[in-house]
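Each remark here refers to the structure printed beneath this line.
Nothing here was measured: the structure is a model prediction, and the numbers come from that model.
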Amino acid sequence: PDFPCIEFNGKEDYERYVKDFPHIASKSHVFNSDAHNLWTINEAENYLELEDEPYSSDLVRHNFFEALRGTQRKDGNI
């Protein structure tokens, strides 16, 4: 199947996989999205910027999934 987003444990894994599978470089990707304790969270290094104006929880959820798909809109509309 064709996946719009790929998760990697770390940037080293990403670089290795892109070298072996260059077509994944165009996919959206996230790093360490499932940290299970505070010391494995890389929030200063790995984060998503989501449009949230005008603020609504529906817009944030929508833009989260759109960002993973690589299709987040920049105008704040759903």
Side-chain angles (χ1 to χ4, degrees):
D2 185 27
F3 298 99
C5 185
I6 303 171
E7 178 186 13
F8 297 94
N9 187 42
K11 291 192 176 180
E12 307 79 29
D13 293 333
Y14 174 76
E15 292 166 2
R16 186 183 74 210
Y17 276 97
V18 167
K19 182 179 176 187
D20 293 340
F21 308 99
H23 66 280
I24 66 172
S26 64
K27 306 282 185 185
S28 295
H29 53 273
V30 293
F31 298 106
N32 274 352
S33 67
D34 64 345
H36 295 281
N37 46 52
L38 293 175
W39 52 90
T40 59
I41 295 175
N42 293 323
E43 62 184 272
E45 189 176 330
N46 301 308
Y47 58 90
L48 290 173
E49 285 192 27
L50 302 174
E51 182 61 48
D52 65 351
E53 294 294 334
Y55 181 78
S56 79
S57 56
D58 287 338
L59 179 61
V60 171
R61 277 191 298 275
H62 175 81
N63 282 340
F64 171 74
F65 288 107
E66 291 299 302
L68 294 181
R69 288 183 193 108
T71 59
Q72 181 184 355
R73 293 180 61 153
K74 302 294 184 193
D75 61 8
N77 294 315
I78 291 181

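- In this structure, CG on L59 lies 7.0 Å from CG on D52, to the nearest 0.5 angstrom.
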Do any side-chain atoms of residues 13-26 form donor-acceptor pairs under 3.5 angstrom with protein atoms, and if so which ones, sequence neighbours left out?
{"residue": "S26", "atom": "OG", "partner": "H23", "partner atom": "O", "Å": "3.3"}

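- Between the CD1 atom in I6 and the NE2 atom in H29 there is a gap of 9.0 Å [rounded to 0.5 Å].
- In terms of heavy atoms, A67 sits closest to S28 at O-OG, 3.5 Å.
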